[in-house]
Amino acid sequence: MIIAILKEPKDPRVAMVPKTVQRLTKAGHTVWVESGAGDTAYLSDAAFQEAGAETHARTDILKSAEVLFSIQAPSPEELQLCQTGATLIFAESAVDDPEIQRVAEEKGLTGFTLYNLPRTTRAQAMDILSSMASIAGYRSVLVAAAKLPRYFPLLMTAAGTIPPARVLVLGAGVAGLQAIATARRLGARVEAFDVRKATREEVESLGAKFVDVPGSDDDQTSGYAKEQSKAYLERQRETILTHISQADVVITTAQVRGRKAPILVDEEALNAMKPGSVIVDLAASTGGNCVRTKDQETVVYNGVQIIGDSSLAANMPMDASQLLSSNLNQFLSLLINKEGELHLNWEDEILEATCFTRKKITA
Amino acid sequence: MIIAILKEPKDPRVAMVPKTVQRLTKAGHTVWVESGAGDTAYLSDAAFQEAGAETHARTDILKSAEVLFSIQAPSPEELQLCQTGATLIFAESAVDDPEIQRVAEEKGLTGFTLYNLPRTTRAQAMDILSSMASIAGYRSVLVAAAKLPRYFPLLMTAAGTIPPARVLVLGAGVAGLQAIATARRLGARVEAFDVRKATREEVESLGAKFVDVPGSDDDQTSGYAKEQSKAYLERQRETILTHISQADVVITTAQVRGRKAPILVDEEALNAMKPGSVIVDLAASTGGNCVRTKDQETVVYNGVQIIGDSSLAANMPMDASQLLSSNLNQFLSLLINKEGELHLNWEDEILEATCFTRKKITA
Amino acid sequence: MEAFIAFVQDNLLMIYSVTFAVFLGFELISKVPTVIHTPLMSGANAISGVVIIGAILLIRQTPSDDYLVLSFGLLGVILGMINVVGGFAVTDRMLEMFKKKK
Amino acid sequence: MEAFIAFVQDNLLMIYSVTFAVFLGFELISKVPTVIHTPLMSGANAISGVVIIGAILLIRQTPSDDYLVLSFGLLGVILGMINVVGGFAVTDRMLEMFKKKK
Amino acid sequence: MMSSFWFDTAYFAGVLLFIIGLQRLGHPATARRGNLLAAGGMGLAILAAIFSPLQTDYGNFLWIILGLAIGAAVGFMAAKRVQMTSMPQLVSLFNGLGGACAVVISMVQLIGVEQTSPMSQPELGTILLTLVVGSVAFTGSLVAWAKLDGRLKDNALVPPFPTIFNMGLLLVSLGMVIYLAIIGEGSSLWLISLLAISLVYGITFVSPIGGADMPVVISLLNSFTGLTAALAGLIYGNQVMLMGGILVGSSGTILTVLMCKAMNRSLWNVIIGGFGSSGGGSSSAAAGEQVAKELSRPDAAILLAYSQSVIIVPGYGLAVAQAQRACRALDNELTARGVDVSYAIHPVAGRMPGHMNVLLAEVDVPYEKLLDLEQANEALPNTDVVIVVGANDVVNPSARTDTGSPIYGMPILDVDKAGKVLIMKRSMRPGYAGVQNPLFFLENSFMLFGDAKDTLQALLQETKVGV
Amino acid sequence: MMSSFWFDTAYFAGVLLFIIGLQRLGHPATARRGNLLAAGGMGLAILAAIFSPLQTDYGNFLWIILGLAIGAAVGFMAAKRVQMTSMPQLVSLFNGLGGACAVVISMVQLIGVEQTSPMSQPELGTILLTLVVGSVAFTGSLVAWAKLDGRLKDNALVPPFPTIFNMGLLLVSLGMVIYLAIIGEGSSLWLISLLAISLVYGITFVSPIGGADMPVVISLLNSFTGLTAALAGLIYGNQVMLMGGILVGSSGTILTVLMCKAMNRSLWNVIIGGFGSSGGGSSSAAAGEQVAKELSRPDAAILLAYSQSVIIVPGYGLAVAQAQRACRALDNELTARGVDVSYAIHPVAGRMPGHMNVLLAEVDVPYEKLLDLEQANEALPNTDVVIVVGANDVVNPSARTDTGSPIYGMPILDVDKAGKVLIMKRSMRPGYAGVQNPLFFLENSFMLFGDAKDTLQALLQETKVGV
Ligand SMILES: NC(=O)c1ccc[n+]([C@@H]2O[C@H](COP(=O)([O-])OP(=O)(O)OC[C@H]3O[C@@H](n4cnc5c(N)ncnc54)[C@H](OP(=O)(O)O)[C@@H]3O)[C@@H](O)[C@H]2O)c1
Ligand SMILES: NC(=O)c1ccc[n+]([C@@H]2O[C@H](COP(=O)([O-])OP(=O)(O)OC[C@H]3O[C@@H](n4cnc5c(N)ncnc54)[C@H](OP(=O)(O)O)[C@@H]3O)[C@@H](O)[C@H]2O)c1
Ligand SMILES: NC(=O)c1ccc[n+]([C@@H]2O[C@H](COP(=O)([O-])OP(=O)(O)OC[C@H]3O[C@@H](n4cnc5c(N)ncnc54)[C@H](O)[C@@H]3O)[C@@H](O)[C@H]2O)c1
Ligand SMILES: NC(=O)c1ccc[n+]([C@@H]2O[C@H](COP(=O)([O-])OP(=O)(O)OC[C@H]3O[C@@H](n4cnc5c(N)ncnc54)[C@H](O)[C@@H]3O)[C@@H](O)[C@H]2O)c1
């Protein structure tokens, strides 16, 4: 079976790293890697070849792949090249282009995207969102610390005492928690807020302080937060405002699946912030938690640097690719039986949930 | 007495911050600050005015100052504007321009530069080199971590175990020690090397490992390291080579006062390094500890990013200015007697050492 | 009361000994770590089997044809001996776990 | 040897008491924290002043005109009493520092 | 005269050996030797009792030898055969037999031996008291044994209004002793009723007390037996019985108090609290049909201190309890004792990737001590003890087997393959995934309920002081 | 008969009170009460001795009252007047007086009291032994007192070949006791020589032992006094003397052994090691003319545990010793005891800016506990105890005053203004700046030499177990 890996045109990461490729080739699979796929992640073609892969041009890859890995979905035109019945596995693509659906159906492709992976315990080994959120959380603090015109830790030096920076983390999901941990490591005073009540314990388990907003309409059933009531939003806004005004760094990670991200830092809050403060908005790609956030840009407003960097994970391509690769390999193992052949068990809720197109059995 | 503070044309820092200005005005001094001096350090003119200072244009400042503070020396032309007998205090200028000396002598100026401060215990409160080296050490790690395509800490996640990054710090002076501490905080495995034997204990006191180079011709008498013997350099080169080849991040801080920085990372070492590794060269301004370092530039060689950032401290302008300001104020207090008048005690070795030009008493 | 005083004066030293023994028993045990409670109880229990000596003396003082009393004495000795031997043996087994393996 | 055996048999209970007292003394002190060593020594020293009772009994048993022996007895009582009163008092002062201030 | 001296000396040596034995028994390191010393003392005393000169001496050595042989054989076999876990019962049983021995002696003294001279009041009183205390120790110990052995339910044999009932019996029996001693009566009817009342009191004294408190009760009854031995010693004018009995009596009493203290209860509370309110000690939580075993902290401490390899499995509970520091402290203590300690980090332990790494880095656990899933699962089967600190889902064996489980297929840490598993959590509640954990009910699993930090600190304390 | 019963009871109660008193004396929390109990026991015993019926009773109560009054007054005044620091000497002196009392009694028994019947061998032996042991306790205690009080140099009064010399004296005196007891001789000459030899032995026994070991010696001599009391009790057939003496004798002996252990030496080593080799205990390092005082760890622990506010001043030595964890542990323990603990961070402590912050952050010391220079110097004058953990230059008061010093003018932490200063370092070596630190020689400064981590851990241990 030919397992193929595409190079990402706009992303320094690569879907599989040589270490994983080696496992696959050892297991008897043929692995094709697009030439230069790993370059931006410091993984040379030679390294892939050493791991037993062949490197090929993009079109060859597309034409021959039986299982095709990529992070973002290729264009519908490229998919046209695929052989009938091929299996596509995308790491992060939402696959919201109806054209892709159409092409896939037409060509009898079976497609999965881990973007839709359920957030269950069993699925965690393939949870790319978690892996990447974790990197983003870690890097958000590094970026903030590098941009902040101040020290993070408390320092008592001959030239006086430098008080520790105050870091406020809004949204304590995977990224938020990692940000808390990293900021604490660097010696900052960390506070965090999330609408989900369960996160209080999680925040405190990392030694940070949880910011209380009196009352919350919480929904625990899914891992994702839903939108909040008006009254609550107002109370929340006020509480956060006071904490924002004291913060040196604000890291926002609040997202509501499938919707625009909630605004947590509004104009009033921005005006209350100290000049020199830094906001890192991890929700930038879905509109941002801060009113002034621009995706992929750093905006300076009123002396406050607002970093709308939604590609934080991509900018740590080596470990990011490593994690992606491991997640995807775990997913692949769900699709393969003991004999090393594709065998799709549609009973499995993970396959069910991640599949965006399925070869009609009648077709 | 008019104490004046210049804006730095090429530096985001400012020599005095409002907090210190307030002390001076409270003590009865008149403080003039160049308009916009603090802008880049997020310190508004308003803040200075609130602290009791007046803001004025640059030429006015130069003309009226009795004591003039700046980080780098102004041009000789500008100094021509100064009133006779004024006292100049520079924070970081080496004052190697003979023209300045000439102008100063001509105008009967008395000039000090803290660049020449002795590294004694008593002088530590005004030790700008220490304050800035400390920031540079801290930031070097942040920059390295932000550039490294990998995590710093060990992470055991659902997608496999990410081993901790290996950080090698070459030169364990003030900056090196701070880098060690910061890298350890972020969870890296840290090793360090310095030619001065005394640093072993200091390195270990921060929980890092000291790299042994068999034999050393050490000189403990001054705080500054002197140049090393040929044979030693060869042994050192070899030892460091093996450690460099394993490192993910190399931070070099080795400087020898008044000379070109020693080359610790040569071509061979660079070639042995893993692609994706990062070098931060804090000695960039004196030629760099790495052969390929370019001052103020990031060079990529063979997949290794070589960051020659000699303005790391300047890029944290708020706290940097705060520390500078406090150091300068400590120095100023040496020059002022109880009545608040200038009174230079030339017996004091600190004045002695830092003075670069002195008003002739006969003049 | 008279009888009591007489008893006390006749047995002053015994009273001293008994009192000291009581204190000694207290002191010996008062700072013992919790982990040793059970084996200690077991060991003390074995010592309390010292009552067997009464049974032995009983048999020795009984005419050899008084089978009823002798049987009782025999029963006493058996019961006491089970307590003694079993008690020490089981304590020893409990304490095996304290042997450091290395 | 005979005399010794006779002595032992006459004083069996005293031997028991003395032995128990020895053990008791050991046990009472054996697990004492270091900080208390000095006051404890001082307290024990005061108790050892119990020898004064010998001096008292000596005086009482001395004919009232035997001034030499009486003077010796007086000396004994004085010495012993200094030991007793001074000992307890100084111990008390040492122990003042253990009073928790709050 | 001369020979009597040697026997006196032998008795004296016996007492000394008892004292030294008890002293040694108090320290884990010397306890075994102490036990042997005490046994030696006992042997000496028995030999002396057999051979010492008596005023009336009929010999009857065959009877004695026979009794000793039978008793020794039975006792030895029972002790060797018993399972580790049923030792407390056995001790209780032995204690009961000791009490029975005293009952037999005193009954014979009262009835069997023909009274040459009428007994004095104190003498008679002493014998009667021996009878009463011995009887209580006898039946009480039997009830305790039966409870521990699961032969008697906790609420069996409980009289109505147990406290009042028992008070009544106690007063009646003591009253009878005093009355009989004063009137000098020794008629069989009186004696039989006194015996009967005492025996019943032994039963009703113990029966209302919960099974979990039995060790305390046994210790108390043991001091009773000691007391009877001392009383019997008075009867026979025998020093070794007197002193040995007193020693056991007083040390047993203080031991009982200590045991109550270790359970954070008073002796009174144990005795009166009785059945029903005794839940505190025996909260073996039941889930469905199964029952999870609890382990006491001292026992856990000993288990750890005397094992060779320990693996700590931290989970979200470690983070919640902020127990990383306590965990490191215990690690240090164990390592100092030569135990090989490492940490098994499950990839999804905690609530974010690397959660455990962050916490353990905070307390500077060397990276070398951290095992990842694969390394850990290799090491676990050869590990003596695993400490699961607030982890749950990541050690849930149903992930391996139960296809219906929401965590089926997730690789877990195979802690069930280790020698023993200590599990620290606050309750039987499930973890994040909300599934029950069959690990808790396995043969080699033991629960240590409570906040993980508290539990770890308690273990540290026990290991430092106790072992 | 009846009244004798009551006096027997009083003696008995006295013994009981001694026992309970000693028991209580063993715990800091109850020690004071224990002392009072023992004193009560003594009072009871003295009263009983005065009023108990005697066979030959001449009364002479005035004599007795007079003696008691003088003794009590002198003893009381001495105890009240003495400085805290000279208490050990005083105890030694008291002990010597107790020994002298025994000497007086035994001399009188031997010579003064007219022998109605010749004494038995054991009796005579007992009295002679009382004389010998009492004499040794007497002169030995006086020498110990003189040494501690600085009245006698360490090498004064040492005989040539002290070990052999003392062995000889010991053998001679014991030989004389046995010989005299057997021949029943009691002539004055013999007695006077025995007395003289014993008195000399007391001196030469103690004189070779170093001043630092005197507390051990005092404890040993104290158990000697106990022994004489017991022997005298035998002479008088008095239980309270016998039992009280035995108790002191045995507890004194074990206490001596414990004290040696606490110094990591054997009793034998103390006695034989003698003068010169005894440096271990008294290494008060001298710098120039001045002498820095050392404090024992137990004393330091007590000082800390019973103070209200403690400020820890970390320096480079903390970093070198990697003692941050130990420091935090001590902080926790003290805080748990209600002591107010904070940290004073000097701006240039350590070897890089913020060095101390990094270390303390590693062990999560809350930022609120950190005082900077100004805050600390405000708090220090009201602080009970300062612990300087491996800091030196930053607490060097010469920076304030000594214009010649290379650190003149540097603001320092004014730890010398606090109540007491404990200084942990390994030696008297100077710090980074290379200047001597006059702080070490101040009245309120005490050195705790050794690696800071070890010292802190030892203090923690002492505080946990001891106080
Ligand atoms: N690592 C990640 O990235 C991540 C992210 C999200 C979710 N998850 C999920 O989280 C779970 C992690 O497994 P886990 O074993 O670490 O945790 P877990 O299964 O959630 O179990 C934690 C256990 O700790 C106990 N506990 C809580 N507080 C405690 C305290 N103070 N003292 C003692 N015990 C305490 C709880 O029992 P009691 O209540 O009885 O005390 C609970 O059973 C997995 O299901 C994983 O999928 C992981
Ligand atoms: N903070 C900075 O940025 C910086 C940079 C460079 C230089 N300095 C200078 O360094 C000095 C700092 O003052 P400081 O008081 O922190 O340090 P210090 O004056 O150097 O004194 C440290 C003391 O710690 C003791 N020590 C070393 N190892 C120890 C161990 N394992 N256990 C116990 N004690 C140990 C040493 O005494 P023993 O040898 O007797 O044990 C030494 O006297 C100042 O003079 C400052 O100017 C500071
Ligand atoms: N089952 C598993 O093993 C598994 C795996 C991964 C994640 N998860 C869980 O899924 C949950 C979400 O993870 P995520 O990081 O992908 O979430 P996310 O990126 O969707 O959201 C980030 C956080 O923002 C919070 N948020 C949303 N609206 C907010 C608002 N208005 N104000 C403040 N906070 C707001 C959310 O509650 C969430 O915690 C987490 O609880 C995580 O533990 C579980
Ligand atoms: N007295 C004081 O209070 C005080 C104040 C500040 C600094 N200092 C001391 O001064 C010293 C220098 O401080 P700095 O940071 O300004 O030094 P620096 O910037 O001049 O040099 C940095 C380090 O590089 C090292 N180095 C030089 N050549 C090297 C080579 N070939 N290989 C490896 N390492 C090499 C030096 O030994 C030094 O430790 C330090 O010891 C510091 O503690 C003392």
Side-chain angles (χ1 to χ4, degrees), chain A residues 118-138 169 172-187 192 194 196 198-208 220-221 223 253 313 319 323 326-327 330-331 333-334 345 347-350, chain E residues 314-325 327 346-364 372-374 389-396 398-412 426 429-435 437 451-453:
Chain A
R119 307 301 290 268
T120 61
T121 293
R122 187 163 79 89
Q124 264 200 285
M126 35 206 111
D127 190 345
I128 284 173
L129 255 55
S130 270
S131 303
M132 296 304 119
S134 186
I135 297 181
Y138 165 74
V169 176
V174 175
L177 290 177
Q178 197 65 258
I180 292 170
T182 311
R184 287 248 319 143
R185 281 191 129 144
L186 276 174
D194 195 301
R196 286 183 301 126
T199 56
R200 162 188 285 281
E201 202 188 50
E202 297 174 7
V203 165
E204 286 168 356
S205 85
L206 286 163
Q220 286 266 27
T221 47
T253 75
D319 276 356
L323 294 170
S326 169
N327 288 143
Q330 292 281 356
F331 184 75
S333 64
L334 283 188
N345 169 17
E347 311 276 81
D348 190 331
E349 65 153 348
I350 295 182
Chain E
Y316 180 55
L318 177 98
V320 172
Q322 287 285 295
Q324 60 269 40
R325 214 166 295 283
C327 190
H346 190 279
V348 306
R351 288 291 182 275
M352 66 163 204
H355 201 162
M356 296 304 119
N357 295 126
V358 171
L359 294 171
L360 296 180
E362 208 178 304
V363 293
D364 247 348
D372 66 17
L373 189 68
E374 272 174 44
V389 186
N392 194 339
D393 296 344
V394 301
V395 293
N396 190 335
S398 68
R400 285 198 304 254
T401 50
D402 178 5
T403 48
S405 170
I407 58 171
Y408 175 67
M410 176 173 85
I412 62 148
R426 298 164 306 182
R429 280 194 300 274
Y432 185 88
V435 286
N437 193 337
D451 180 75
K453 189 168 164 191

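Keep in mind that the numbers below use all heavy atoms, side chains included, and drop hydrogens, waters and symmetry copies. Letters A, B, ... are given to chains in the order of the sequence lines, protein chains preceding strands, and every chain is numbered from 1.
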### Task
With rounding to the nearest 0.5 Å, note down the distance linking CG in A/D348 to OH in E/Y408.
10.5 Å
### Query
Roughly how far, to the nearest 0.5 Å, is the CD atom of A/E347 from the OG1 atom of E/T403?
11.5 Å
### Summary
Okay, E/I407 and chain A: the region with an atom under 4.5 Å from a heavy atom over there is both
## Note on the structure
Applying a strict 4.5 Å limit to non-hydrogen atoms, the region of A/E204 in contact with chain E is backbone
## Note on the structure
Per-residue tally against chain A (heavy atom, under 4.5 Å) across E/M410, E/Q324, E/Q322 peaks at E/Q322
### Task
Heavy atoms only: give me the nearest A/R185-E/N357 pair and the separation to one decimal.
NH2-O, 4.4 Å
### Query
Would you call E/M352 and A/L206 a side-chain contact if the rule is heavy atoms closer than 4.5 Å?
yes
### Query
Hey, does E/H355 have a side-chain heavy atom less than 4.5 Å from the side chain of A/L177?
no
### Task
Heavy-atom distances under 4.5 Å only: say whether E/E362 touches chain A with side chain, backbone, both or neither.
side chain
### Message
Which atoms of E/P353 are under 4.5 Å from chain A, going by heavy atoms: the side chain, the backbone, both sets, or neither?
### Response
both
